[in-house]
Amino acid sequence: MERDYDHIAIEERWMKDWIDNKVWSMPETPRKEKRYTVTMYPYPSGDMHMGHVEIFTIHDAIARYYRMRGYDVLSPIGFDSFGLPAENAAIQRGLDPKEWTYANIEKLYSSAQRIGCSFDWDRKIATSDPEYYKWNQWFFLKFYERGLAYRKAAAANWCPNDKTVLANEQVVAGKCERCGAEVTKVFMTQWFFKVTDYADRLLDDMPLNTGWNERLKTLQVNWIGRSFGAEVEFDVEGADPITVYTTRPDTLWGATFFVMAPELPLAEELVKGTGKEQELTDFKNQVAKLTEIDRTSTERPKKGMFLGRYAINPVNGEKIPIWVADYVLMDYGTGAIMAVPAHDQRDLDFARQYDLPVRVVIQPPDRELDEDTMTEAYVGPGTMVNSGPFDGTSVDESVKKVTDWLASEGRGRHAKNFRLRDWLVSRQRYWGTPIPIVFCDDCGEVPVPYEELPLVLPENVDFTPTGEASPLATATDWVNVACPKCGKPARRETDTMDTFVDSSWYFHRYTDPHNTEIPFERAKSDAWMPMDQYTGGIEHAVLHLIYARFFQKVLVDMGMARDPEPFPNLLNQGLITMGGKRMSKSRGNIVEPQEAFQRFGADSLRLFMLFSGPPEANFDWPEEGVDAIGPVAYDWLKRVWRLCEENRDGFDGGGTEAGPAEETLRKDLHRTIKVVTADYEAFSFNTAIARLHELVNQAYRYRSGGGTNQQVLDEVIEVLLKLLAPIAPYLAEEQWHRLGHETSIHFEPWPEHDPQLATEEEVTMVVQVNGKVRDTILVPADVTEAKMTELALASEKVQGFLNGEPKKVIVKPPKLVSLVA
RNA sequence: GCCGGAGUGGCGGAACCUGGCAGACGCGAUGGAUUCAAAAUCCAUUGUCCGCAAGGGCGUGCGGGUUCAAAUCCCGCCUCCGGCACCA
């Protein structure tokens, strides 16, 4: 038999064996306690890169560990195959997105198999399959029926490069999340999902996500951005009252002017008859020219215009001028604000710019504010002044008191607001799920009947985005259709859905991937959900991870799901970089997985990655590239391999008798089982590997000391292979079979440590004098406090630092005696 | 500005939750064994300063505090990373 560690032969053999025998396939529902582990499914936008390898490796080690712990583990895989990444890549290469996508999917599946991923290959999904996206359309119609999908004309984020609108979440620092182009605003009629209806639940259920890290939770909480305050009604001279939202109703007496967003239709109405109509139009044009980045920059001086009309401050009857200004956002609150320059920096900046009055209504405890000269708004603690009946009220209770009073007067009410906006789901792109709506001149928006689903994406369409209309608009055969309601000629919606719709429920589909009647059967979903472990990048913090939570809550309301939260345990793997930069072809800092497989094997690559640090930590790949895997991972696997092979040769007469050396080795082994298991439980693979290094070192030390006891060495090696199996599955499987086993190591029960053996009999006791270690003494584990003190005081080294009797003695059995001189 | 996270040898990292020998494990480096030689392998040393040694001093971003004892807990800073940011 082959003696050398021939990683290629071994890995290819077992890869085929596992796939051919469908060893990872799960029944429809678990037969015993389950673990449902999912890794965020990738985009098929190219061949496998190290980011995939990392996330697959982490996920797979977890799945394999749970499997050996005796759980039924569902570990599925699929592809997020619709969307911009695939489509753009296809366009660049002049290919059809479909061909390009499916070719990549095949490549990526085979790379995933090469890594050794133990996915259930019978449950593969691709969201660009009509069998999948049919259900996106089905959900869209259900949402529509529930009033959760609606169309409205609104200013939307427009990516001039990708030529489509984007959701708020897909604009990062004013730029397109996908391509980095600077986003502009465009006024369009678009489809939205009503996430804001679920904003409270998204926040209030957050504590259920016990396995999320602080960073991620904060990101989402900030993004949803709930604030509490009040709505206050202002009368307007010669017009209907206007409501504003404020978090500081207690500063109402300091409201010296009124501001609204220029785009607000109300501004247009108010300006009528003032002679300033043209001025407003010009101002609006000026504002519209600003990019989103400029518009929201706090550096830029604020610009405004007086509308020539007045509002009445409800608390004191004062006439205050109504302005429009570019610093007020149209889509937050009511798009109009009361301006309190003394206690809001933006209002103060604006007041100084246009010479508007400033009135202090909160008096700081420690100084006087000067209304005429102050340049910093005061937002700290204090008491109300110039506020009529409320003078003297502390700010601790002022908001509540004033709001209660406004409510009793019928001029306001308690209110809250969210930073979160409704989810814009329309995309003017080809490669996505067609939105199942027909527009009829007589009937308006008409849903495509369920029995006509899937509404298949037409082929042979010029899919190049033009920015004018969706590419689907050019497919006239497809667009022109009889109205489902009245039968008259009508037109289909030509926008497609944001692909984040696809990914909002795919983890349910995995539980029932071939269902042709409904998206998934609740009994099957309930059997596996909630997900026990989700693995994926933090870049989805306010994208997928909010959308999917929203979807889950809607599913619950629809009676389709049980759990309020879909994935309470989430591991955010770190980023892989090289030289601190993302790996990319253009930078030339790519480490090719295929090269690593060839030279060192998947096991070495997996081991290398997991040993590099905790899975959550970013990993800067060493500059040697693939070479780095050799000394760190490959050489050690060879060392393990040699240990196994040498042992398999056997020893004359079964080797040495069991004695103290064997006893020590067995103790090491059982302590290793104990700590390695704890490491696996915490996904602390790097320390688990370190412990396995130590075990192997111990075994070598035993051998070089002349130890040849077959029985003990067999035990050590069998356990070692099991403990290593989730990390280096191929080598473990190969050596397991070489030991004569017929069945897979990956379904072997996880080793149990013998508590007797794992317990230390002797421990090193530390003796400190004044907090410094002065001696270490070997003592029995069950040593008494009295004996410890006696030994400590008897130590010559210790005596050198004591002047006679210690003032104080602290004993923590069995490891520490601390003396105070 | 607000909210999070992090700062430990030449390097990746361990110990932080639960205060108790800082630097596990690995890389690299140095020395040695083996070899005609190299690779591979094996053994040893490797925080830093003083010292021939025994031994001792210092040491976890900075400054304080709590404690017999602080990388670990508390307070105040600094730096880096990430997010949000004219959200009223």
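Just so it is clear, the structure is predicted and the values come from calculations on it, not from any experiment. FYI, side chains are in, hydrogens and waters are out, and symmetry mates aren't considered; it's all heavy atoms of this structure. Proteins get letters first, then strands, A, B, ... in listed order; numbering begins at 1 in each.
If Thr247(A) and Val172(A) are placed on RNA chain B by their nearest nucleotide, the residue sitting closer to the 5' end is Val172(A). Judged by closest nucleotide on RNA chain B, Ala617(A) is the one of Asp344(A) and Ala617(A) placed further toward the 5' end.
Scanning atom types as modelled, one donor and one acceptor separated by under 3.5 angstrom connect the side chain of Lys302(A) and the base of C86(B). Between the base of C3(B) and the side chain of Thr218(A) there is no donor-acceptor pair shorter than 3.5 Å. A donor-acceptor contact under 3.5 Å is not formed by the side chain of Arg248(A) with the base of A88(B). One N or O donor and one acceptor, one from the side chain of Gln768(A) and one from the base of G20(B), sit under 3.5 Å apart.
Under a cutoff of 6.0 Å and an axis angle of 45°, Arg359(A) and Trp253(A) do not form a cation-pi pair.
Val820(A) comes within contact range of the sugar-phosphate backbone alone, with a heavy-atom separation under 4.0 Å but no base atom that close. Nucleic acid contact class of Pro806(A) (heavy atoms, under 4.0 Å, all strands): none. Backbone-only engagement by Asn697(A) is indicated by non-hydrogen atom pairs under 4.0 Å involving sugar-phosphate atoms exclusively. Contact annotation for Arg639(A): backbone-only contact, meaning every heavy-atom pair under 4.0 Å involves sugar-phosphate atoms and none involves a base. When heavy atoms are screened at a 4.0 angstrom cut-off, Ser227(A) is found touching the sugar-phosphate backbone but no base atom. Residue Lys815(A) is out of contact with every strand shown, counting any heavy-atom pair closer than 4.0 Å. Base contact: Ile810(A) has a heavy atom under 4.0 Å from a base atom. Using a 4.0 Å heavy-atom criterion, one finds that Arg215(A) contacts the sugar-phosphate atoms exclusively. Glu694(A) comes within contact range of the sugar-phosphate backbone alone, with a heavy-atom separation under 4.0 Å but no base atom that close. Among the atoms of the strands shown, none is found under 4.0 Å from any heavy atom of Asp620(A).
The base-pairing partner of C2(B), taking Watson-Crick or G-U wobble contacts with both distances under 3.5 Å, is G83(B). Base pairing analysis places U66(B) opposite nothing; no Watson-Crick or G-U wobble pair with both distances below 3.5 Å involves it. Base pairing annotation: G59(B) forms no Watson-Crick or G-U wobble pair, as no partner gives both donor-acceptor distances under 3.5 Å.
Nearest heavy atom pair, residue Tyr327(A) against residue Ile337(A), reads OH-CD1, 4.0 Å.
Judged by distance alone, the side chains of Asp349(A) and Gln353(A) never bring a donor and an acceptor atom under 3.5 Å apart. Side-chain atoms of Trp423(A) and Glu169(A) form no donor-acceptor pair, as typed in the model, at a separation below 3.5 Å. Between the side chains of Arg639(A) and Asn697(A), at least one donor-acceptor pair of N or O atoms lies under 3.5 Å. No side-chain donor from either of Asn417(A) and Ser227(A) sits under 3.5 Å from a side-chain acceptor of the other. Neither side chain, Asn209(A) nor Lys217(A), offers a donor N or O lying under 3.5 Å from an acceptor on the other.
Straight-line distance between the C1' atoms of U46(B) and C25(B): roughly 15 Å, to the nearest whole Å. On the P atoms, A69(B) is 29 Å away from C78(B), given to the nearest whole Å.
In this structure, CZ of Phe600(A) is placed 14 Å from P of C27(B), rounded to the nearest angstrom. For the pair Met206(A) CE and C3(B) C1', the interatomic distance rounds to 14 Å; values are reported in whole Å. The nearest whole Å value for the distance from the CD atom in Glu624(A) to the C1' atom in G28(B) is 9 Å. Atom-to-atom, CZ of Phe611(A) to C1' of C25(B) comes out at 5 Å; the value is rounded to the nearest Å. Atom CD of Gln170(A) is separated from atom P of G83(B) by 16 Å (rounded to the nearest Å). The interatomic distance linking Tyr245(A) (OH) with C86(B) (C1') rounds to 16 Å, in whole Å.
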**Asked** Reading nucleotides 49-59 of chain B 5' to 3', which nucleotides get B (base under 4.0 Å from a protein heavy atom), which S (sugar-phosphate only), which -?
**Response** -------SSS-
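A search for side chain to side chain contact (heavy atoms under 4.5 Å, CB included) contacts involving His343(A) returns Thr251(A), Val340(A), Val360(A), Val361(A), Ile362(A), Leu369(A), Tyr378(A), not counting sequence neighbours.
Side-chain contact check for His693(A) versus Phe611(A): some heavy-atom pair is nearer than 4.5 Å.
Contact annotation: Asn686(A) does not reach the phosphate of A24(B) (side-chain N/O to OP1 or OP2, under 4.0 Å).
Annotated as syn: G9(B), whose glycosidic dihedral is within 90° of 0.
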